[in-house]
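Some notes on the structure that comes next.
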Number of protein chains: 2
Amino acid sequence: MSSEIDHLDEVTPDLVRRVEAALAENRPEDARGLLANLSATGQASILEQISEAERDKLVGILKGDLDPEALTELDEEVLEDVLDQLDSKEIAAAARELEADDAATILEDLSEDERQEVLAEIPADERADIERALAYPEDTAGRLMQRSLVKVADSWTVGQVIDYCREATDLPDDVYDIFVVDETGRLRGSVPLGRMLRTKRPVPIFDIVDPDIPSLPATADQAEVAHVFRDKNLVSCPVVDDDGRLQGVIMVDDVVDVIDEEAEEDLLKMGGVGSDDMHADTVTTARLRAPWLLVNVATALVASFVISQFEDTIEKIVILAALMPIVASMGGNAGIQTVTVTVRALAMGELTAANGMRFIAKEAVVGSLNGLLFATLLAVGVVLIFHDWRLGAVIAASMVCNLMAAALAGSLIPLGLQKFGVDPAVSSTVFLTMVTDVTGFLTFLGLATIFLL
Amino acid sequence: MSSEIDHLDEVTPDLVRRVEAALAENRPEDARGLLANLSATGQASILEQISEAERDKLVGILKGDLDPEALTELDEEVLEDVLDQLDSKEIAAAARELEADDAATILEDLSEDERQEVLAEIPADERADIERALAYPEDTAGRLMQRSLVKVADSWTVGQVIDYCREATDLPDDVYDIFVVDETGRLRGSVPLGRMLRTKRPVPIFDIVDPDIPSLPATADQAEVAHVFRDKNLVSCPVVDDDGRLQGVIMVDDVVDVIDEEAEEDLLKMGGVGSDDMHADTVTTARLRAPWLLVNVATALVASFVISQFEDTIEKIVILAALMPIVASMGGNAGIQTVTVTVRALAMGELTAANGMRFIAKEAVVGSLNGLLFATLLAVGVVLIFHDWRLGAVIAASMVCNLMAAALAGSLIPLGLQKFGVDPAVSSTVFLTMVTDVTGFLTFLGLATIFLL
């Protein structure tokens, strides 16, 4: 994938190496020159690809030449590191060039003391905007929204609205919709700019308003925001307070970042890692990953205990020790397939109480079908190699059992965790592996003990 | 997550059940009534949640009452099923109500014969638009773009452009940018509608144009499109042909679907399932998942072969059979953590030739640290239970080896696959598990053979 898009990237591995060389050889002006013409995204990409020591040096060189927008593109760990190199005056200068929502996100990474220091450097009116944004919890609609928007009274004509837009100097370029409010500030609807442009001046604005537009409460979680944008194909969405009064507007480009973040989280959680893993320092990364491994030790010990109950059997037929991991690992892999589909379907809202039973039934049948297929395959192989049809029958029977158990556990575990409010992406695979390991070893060694001894 | 967003969903499990009941009890008017007031997304959600038989029945009842937009929201398997229930006249009627790019996506799911039949039902000028869209391969910028846009000559004034917009009756509501072209149709830049509205009429449009706007070739892959939108925070992006002539515009809401699709693909591929898994019929699902399981049989057999080489050792010290899966599974889990981070960093362009070596070195150190931690933990446990410090030393040494192997394999395998043009999300985990299983069994049983016999 990346090879196709390389030609669109301004930051090539070669450019990163030239920046690193300039830093290593103490040529600050060269380093500054290499970053000067990059976009904010390009600067952010360089900062993320170099080492922490190089980053500190580079930020020290750039200072005011660092594009404030670049700060908004950085992963959290990298951002903290960059902010450490800037004093409160420099951070305040950067924050003033950003939208209040972006400034709030950056200031939030500072300690309470530092944040107050930075805020003290910002003029009162701009500070108020940032503080209002900070008042909403991170990852809510209130934080994502921008406050600059075009808000007009429902009593105006199209001509009045156009004149108002022409005279207002502080309107942003990225206005796509005009929001119409009543005298108490309650949202009455919106008019796309394109439609207004095509309407005659004397027409009342209320005649061309879309009254049934979706809006979001300021307290809505960002996952909810992404869900609404996705479902309704929105480009922007107004945000209202508890009384329906217009507070701001969320633009889709901010939501794209949220969607990326949510998808990344699901992928990383299923793999047992946290979202800042890539840019955390080595010891932190090791520490963040250890709890997951510790849980896996616990489940491995359970499997190990099951095996130890069959020591006599294994002592008599040692080949069982070589064959037993096949049954367990096939169950694990088939179960991961089911868990993946279940977790994704839950996240996308495609799996609900209405179709849950049908979904589980389908997975059980899929598990049985593949169980029968691979049971036959392995039984034939075992009989050909060991000339022991009873051994073949035992491995076949345990394979069918374990793939059925994998299908049931793979669908029931995420559904159950979701029901109890636990994120199924994080914890499903641990429980699943325990079920498939235990079932695999127990059925295989158990049946062997009964029929082969 | 879904519990939070339920109140925003119009489709509750209860509504789905009521639709199912109306279908089961042959009350077609009730079913039609339940869907009549739903949005396109709501209708699509119902169609995806009911069974195939119910879906066929429901589509037969709805026919023309089905919102054509709902077709664009359906997963491919479900769409094919719905189209099967509609004749070419009905499909043509739906296609005519959609943008040409959406109509093309739906028509593409038909067989060549059916597609020609449907196209024959569509008036020539509308048909030409759809055929032009169909000429671009699926998943390219040319297919994603819409052709309706505002294109003006670079010699015009703002006043001329505004008058042109006012007079054109076929302009879509969702115009956000005016595109400026030279006399040969080459893109010269764009003007946000909001800025134009605030500019005086006699000003030449070229004076307020953004000349350095990103554009995409019509042949660009959709992953590339998503990458550009994400990096540059775009709301829309013009699409040009090889000579730089403006062909159409891609809107961000279409890109949101692409981003979702790409993220879903990565997650599903890592889990060893295809993207249509959820809605494919049972036998198809089993068949789609079998190849992945077959590959896993092969790798499990390799591990099994390694174990079988140590039959004598296991026969003498049977407890080894119970302990060996712990070493192997810890390696597998630690390796999956590394693979997940590597695959994600590659997909996001955060891992390149510039920082590859540093990334691998970090993973190796993380692997060693956690290796030492869990080696100590298990050694202490083994010594306490079995009172055999040599057994403890063997499990500790093999744990360190396997977690280091997991770190190296977990980073090198995806990087290597990417280098050779193979999608790392699909195949990394198979190779990884083989490495960690073989290393785990080999070091544990090998060291046991040397030091414990």
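Letters A, B, ... are given to chains in the order of the sequence lines, protein chains preceding strands, and every chain is numbered from 1. Bear in mind that the values here come from a model prediction, so they are computed numbers and not experimental data.
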Fill in: Residue Arg195(A) versus chain B: region with a heavy atom under 4.5 Å
both
Practice prompt. Please check if the side chain of Gln49(A) supplies one atom and the backbone of Asn355(B) the other of a donor-acceptor pair under 3.5 Å.
Written response: no
Worksheet entry | Which atoms of Asp437(A) approach chain B - backbone, side chain, both or neither, heavy atom under 4.5 Å | neither
Fill in: Interchain contact, Ala353(A) with chain B, by part (heavy-atom threshold 4.5 Å)
both
Worksheet item: Side chains of Phe229(B) and Asp253(A): closer than 4.5 Å at any heavy-atom pair?
Response: no
Worksheet item: So which part of Met270(A) gets closer than 4.5 Å to some heavy atom of chain B, the side chain, the backbone, both or neither?
Response: side chain
Worksheet item: Which residue out of Leu294(A), Val16(A), Val175(A) racks up the most heavy-atom pairs below 4.5 Å with chain B?
Response: Leu294(A)
Practice prompt. Tell me, for Ser51(A) versus chain B, whether the close heavy atoms (under 4.5 Å) come from the side chain, the backbone, both or neither.
Written response: both
Response to the item:
Among Leu234(A), Val256(A), Asp423(A), Ile50(A), the residue with the most heavy-atom pairs under 4.5 Å to chain B is Ile50(A)
Worksheet item: What distance separates Asn333(A) CG from Thr433(B) OG1, expressed to the nearest 0.5 Å?
Response: 6.5 Å
Worksheet item: Is it the side chain or the backbone of Thr338(A) that comes within 4.5 Å of chain B heavy atoms, both, or neither?
Response: both
Practice prompt. Sort Tyr176(A) into side chain, backbone, both or neither according to what part of it lies under 4.5 angstrom from a heavy atom of chain B.
Written response: both
Worksheet item: Are any of the side-chain heavy atoms of Ser329(B) and Asn296(A) separated by less than 4.5 Å?
Response: no
Item to complete: Identify the heavy atoms of Leu197(A) and Arg166(B) that sit nearest to each other, and give their distance.
Response: O-CG, 3.0 Å
Worksheet item: Of the backbone (N, CA, C, O) and the side chain (C-beta and beyond), which part of Phe305(B) lies under 4.5 Å from a heavy atom of chain A, both, or neither?
Response: neither
Item to complete: Against chain B, label Thr282(A) side chain, backbone, both or neither, depending on which of its atoms sit under 4.5 Å from a heavy atom there.
Response: both
Worksheet item: Who among Ser39(A), Pro214(A), Ala321(A) has the most heavy-atom pairs with chain B under 4.5 Å?
Response: Ala321(A)
Worksheet item: Would you say Ser304(A)'s side chain and Ala322(B)'s backbone share a donor-acceptor pair under 3.5 angstrom?
Response: yes
Worksheet item: Can you check whether Ala280(A)'s main-chain N or O pairs, donor with acceptor, with Lys362(B)'s side chain at less than 3.5 Å?
Response: yes
Item to complete: Against chain A, work out which of Leu293(B), Thr199(B), Thr429(B), Thr299(B) has the most heavy-atom pairs shorter than 4.5 Å and name it.
Response: Leu293(B)
Discussion item. Under a 4.5 Å cutoff for heavy-atom pairs, which residue among Asn370(B), Val191(B), Asp257(B), Leu377(B) has the most contacts with chain A?
Written reply: Asn370(B)
Worksheet item: Would Lys232(B) and Thr41(A) satisfy side chain to side chain contact (heavy atoms under 4.5 Å, CB included), going step by step from the backbone distance to the final call?
Response: CA-CA 7 Å; Lys232(B) 308 201 184 289; Thr41(A) 314; 5.6 Å; no
Item to complete: Check each atom of Gln309(A) against the heavy atoms of chain B and say whether the ones under 4.5 Å are side chain, backbone, both or neither.
Response: neither
Fill in: Test item: Glu350(B) and His279(A) side chains (from C-beta on) under 4.5 Å apart, heavy atoms
yes
Worksheet item: Do you know which of Asp312(A), Val339(A), Val283(A), Thr352(A) has the most heavy-atom pairs under 4.5 Å to chain B?
Response: Thr352(A)
Discussion item. Tell me which of these, Arg344(B), Glu48(B), Arg17(B), has more heavy-atom pairs under 4.5 Å with chain A than the rest.
Written reply: Arg344(B)
Fill in: Largest heavy-atom contact set with chain A, pairs under 4.5 Å, which of Ile162(B), Val273(B), Val343(B)
Val273(B)
Worksheet item: Quick one: what part of Ile326(A) sits under 4.5 Å from any heavy atom of chain B, side chain, backbone, both or neither?
Response: both
Worksheet item: Any idea which of Met278(A), Arg358(A), Arg287(A) has the most non-hydrogen atom pairs under 4.5 angstrom with chain B?
Response: Arg358(A)
Worksheet, complete the sentence: If you tally heavy-atom pairs under 4.5 Å between each of Leu403(B), Val366(B), Leu378(B) and chain A, the highest tally belongs to Val366(B)
Item to complete: Select one option (side chain, backbone, both, neither) describing which atoms of Leu369(A) are under 4.5 Å from chain B's heavy atoms.
Response: side chain
Fill in: Salt bridge flag under 4.0 Å for residues Glu363(A) and Arg289(B)
yes
Worksheet item: Looking at Ile336(A), Leu193(A), Asp75(A), Asp14(A), which one has more heavy-atom pairs under 4.5 Å with chain B than the rest?
Response: Leu193(A)
Worksheet entry | Under 4.5 Å from any heavy atom of chain B - which part of Phe441(A) | side chain
Worksheet item: Where does Glu69(A) contact chain B at under 4.5 Å (heavy atoms): side chain, backbone, both or neither?
Response: neither
Worksheet item: chain B heavy atoms under 4.5 Å from Leu373(A): which part of the residue, side chain, backbone, both or neither?
Response: side chain
Worksheet entry | chain A contacts, top residue of Ser308(B), Gly272(B), Ala354(B) (heavy-atom pairs, under 4.5 Å) | Ala354(B)
Worksheet item: Would you call Glu315(B) and Lys316(A) a salt bridge, using N to O less than 4.0 angstrom?
Response: no
